[in-house]
Amino acid sequence: MAVPSFLARERIVARPGFNRWLIPPAALAVHLCIGQAYATSVYKASLVSHFESTLTAIGIIFSIAIVMLGLSAALFGTWVDRNGPRAAMFTSCVLWVTGFLVGGVGIEMRQLWLVYLGYGVIGGIGLGIGYISPVSTLIKWFPDRPGLATGMAIMGFGGGALIAAPLSRQLMSYYDPAYVPSDSTSVPNGEAVAALFFTLAALYLVFMMFGAFIVRVPANDWRPTGFDPASVKKKALVTTENVSANNAIKTPQFWLLWTVLFCNVTAGIGILEQASPMIQDFFRTGETSTVAAATAAGFVGVLSLFNMGGRFVWSSTSDFIGRKPIYMVYLGVGMLLYVILALFGSTASWIFVLTAAIIISFYGGGFATVPAYLRDLFGTYQVGAIHGRLLTAWAAAGVAGPLIVNGVLDTQGTPGQLVAANYRPALFIMVGLLAVGFIANLLIKPVSEKFWEPKATTPATARANPERSPVR
């Protein structure tokens with residue numbers, strides 16, 4: 001698929017002396033916008049009332065978006081590698097903004113299928129392209145610290161709700177004067193949510209276009225000052241070879257890592273998607289919660305902060321202790337934390353908040369570390385395309401996580417009357433999933449040399465023919 005000349009990779013090659021630290025803000029400009037997906041729980045109750053529907057039916061909006069994220073990342077990964085980050089960020093912006101506009105019209109017209117199509121399908125495709133667009137670029141700009149690079153690339157996505165949650169509450173209270181964010185029983189009307197969608201579309205258009213037009217790619221022969229690839233100490237599971245995207249999906253390592261990501265994401269995404277009502281339900285007496293709606297929305301912001309921080313801190317830590325050990329922490333300690341949340345989370349608010357926050361930091365850290373894990377296993381040749389294909393695990397988890405949580409809750413009672421005990425079956429299911437992921441991570445070994453690319457393969461060759469596989 002050809003792109004206009006002003007979006008072409010050749011137009012954004014950095015000149016000598018370009019400061020690589022200008023690239024993270026470009027990535028953050030896009031990821032902070034598309035990270036709004038994590039703030040959907042703030043207006044979830046409003047949509048349930050507006051469409052006279054169920055938690056599961058409204059939760060499907062989020063699930064469709066995550067499914068399309070994974071599928072579009074897999075389908076367009078090689079396109080992103082070939083055409084560069086500006087074309088990808090521009091395309092992501094157009095689709096993401098269009099998704100909000102179509103979704104807003106669907107809410108106005110009380111047509112839930114339009115919200116599925118707009119925010120879910122169209123916006124979800126924009127999510128996928130925008131999510132992977134800066135990853136391989138930052139890995140190339142920071143070959144000396146790939147974990148740090150991927151953490152910077154992806155931390156914004158985890159932090160999007162930190163901005164979107166309080167902003168959404170304030171905007172909805174402006175569009176619906178009867179809505180009182182501090183009142184846990186107050187729910188904004190559907191027209192306020194539709195107006196919110198239109199407003200966010202305008203804001204995100206500006207910020208995402210800013211990121212698209214400041215991003216640059218390094219020249220083929222560029223290296224950080226003082227960095228010598230040959231001097232890097234060889235670590236376990238870190239290869240100096242390269243594997244194509246087509247060959248990567250033939251390896252057991254790819255599918256083991258797919259399982260690891262699926263389990264880690266499923267366990268975290270259910271909490272994020274239900275975060276605002278969940279903290280109110282855990283501290284509910286009868287029909288009254290001791291946690292106000294405004295406080296619950298603030299909790300969404302806290303989770304977003306830990307999601308964002310975990311992506312940076314844990315992925316940077318993986319540069320020192322390795323990718324496999326850090327995933328043992330995510331999955332192993334995560335199992336213990338879920339047990340604590342299920343059994344003791346309702347005894348004190350600080351236990352609930354701290355436990356959930358650390359769980360979500362592991363969730364975010366898993367996302368940020370996986371591109372570096374892929375780079376270690378398969379090299380830099382087509383890491384963006386391989387990353388895109390691996391994100392089908394996220395698509396599957398986007399369905400599984402909310403369905404598990406919402407499905408369990410729908411059998412336990414009605415929204416506004418649920419308590420902590422109603423969440424325990426879902427939380428223990430998450431413990432089991434993390435155990436499966438832990439075992440899968442233990443089984444990962446170096447990729448067999450039969451999948452390696454010939455030594456003649458160069459970065460230029462990779463961009464010219466990103467789907468090429470060696471003839472062996």
Side-chain angles (χ1 to χ4, degrees), residues 1 3 27 30-31 34-35 37 62-85 87-92 94-96 99 119-139 150 153-154 157 242-266 269 366-375 377-402 437 440 447 451 462-463 465-469:
M1 185 190 304
V3 299
V30 172
H31 274 230
I34 62 177
F62 178 80
S63 295
I64 293 173
I66 299 302
V67 168
M68 297 311 299
L69 184 158
L71 294 179
S72 62
L75 292 173
F76 294 104
T78 51
W79 181 86
V80 170
D81 270 355
R82 181 187 301 115
N83 292 287
M89 291 177 177
F90 182 91
T91 303
S92 170
V94 171
L95 292 169
W96 183 235
Y119 190 96
V121 177
I122 300 173
I125 295 172
L127 271 176
I129 295 174
Y131 187 86
I132 64 174
S133 59
V135 172
S136 61
T137 300
L138 272 168
I139 286 179
T150 55
I154 294 172
F157 191 85
N242 287 294
V243 180
S244 71
N246 280 344
N247 278 337
I249 62 174
K250 300 174 185 176
T251 66
Q253 287 82 0
F254 177 89
W255 295 106
L256 286 169
L257 193 51
W258 191 99
T259 302
V260 167
L261 185 63
F262 170 79
C263 293
N264 194 55
V265 173
T266 301
I269 209 167
F367 274 122
T369 309
V370 81
Y373 209 158
L374 290 171
R375 180 262 189 192
L377 291 168
F378 303 110
T380 60
Y381 174 36
Q382 292 182 356
V383 67
I386 298 170
H387 183 218
R389 296 180 188 194
L390 190 79
L391 289 181
T392 54
W394 189 0
V399 175
V447 175
F451 296 107
R463 286 196 297 273
N465 189 12
E467 287 289 352
R468 189 181 68 81
S469 296

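Quantities reported herein were computed from a predicted structural model and do not represent experimental measurements.
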Using modelled atom types and a 3.5 Å cut-off, is there a donor and acceptor pairing between side-chain atoms of [X] and backbone atoms of [Y]?
| X | Y | answer |
| --- | --- | --- |
| T251 | N247 | no |
| T266 | C263 | no |
| S92 | A88 | no |
| H31 | Y131 | yes |
| N264 | V260 | no |

Are any of the side-chain heavy atoms of [X] and [Y] separated by less than 4.5 Å?
| X | Y | answer |
| --- | --- | --- |
| L127 | M68 | no |
| I269 | P402 | yes |
| F378 | N242 | no |
| I154 | P371 | yes |
| I64 | V121 | yes |
| T78 | R389 | yes |

Look up atom [atom1] in [X] and atom [atom2] in [Y], then write down how far apart they are to the nearest 0.5 Å.
| X | Y | atom1 | atom2 | answer |
| --- | --- | --- | --- | --- |
| S63 | L69 | OG | CG | 12.5 Å |
| L95 | S72 | CG | OG | 8.5 Å |
| I34 | S133 | CD1 | OG | 7.0 Å |
| Q253 | Y373 | CD | OH | 9.5 Å |

Heavy-atom pair of closest approach, residues [X] and [Y]:
| X | Y | value |
| --- | --- | --- |
| G70 | A395 | CA-CB, 3.7 Å |
| G99 | I122 | N-CG2, 4.0 Å |
| A37 | F62 | O-CE1, 3.2 Å |
| V3 | A87 | CG1-CB, 4.1 Å |
| L261 | G366 | CD1-O, 4.4 Å |

Apply side-chain hydrogen bond (donor to acceptor under 3.5 Å, both in side chains) to T392 and list each qualifying residue two or more places apart in sequence or on a separate chain.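 T392 satisfies side-chain hydrogen bond (donor to acceptor under 3.5 Å, both in side chains) with W258 only.
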Can you name the side-chain hydrogen bond (donor to acceptor under 3.5 Å, both in side chains) partners of Y119, sequence neighbours left out? Q36
Please determine which of L374, L391, L257, N246 meets the side-chain contact (heavy atoms from CB on, under 4.5 Å) test together with I386. L374
Would you sort out whether T91 and W79 count as a side-chain contact (heavy atoms from CB on, under 4.5 Å), showing the intermediate values? CA-CA 11 Å; T91 303; W79 181 86; 3.6 Å; yes
Could you give me the CA-CA distance, side-chain angles and deciding distance for F254 and L390, then say whether side-chain contact (heavy atoms from CB on, under 4.5 Å) is met? CA-CA 8 Å; F254 177 89; L390 190 79; 3.9 Å; yes
Determine whether the aromatic ring centres of F367 and W394 lie less than 6.0 Å apart. yes
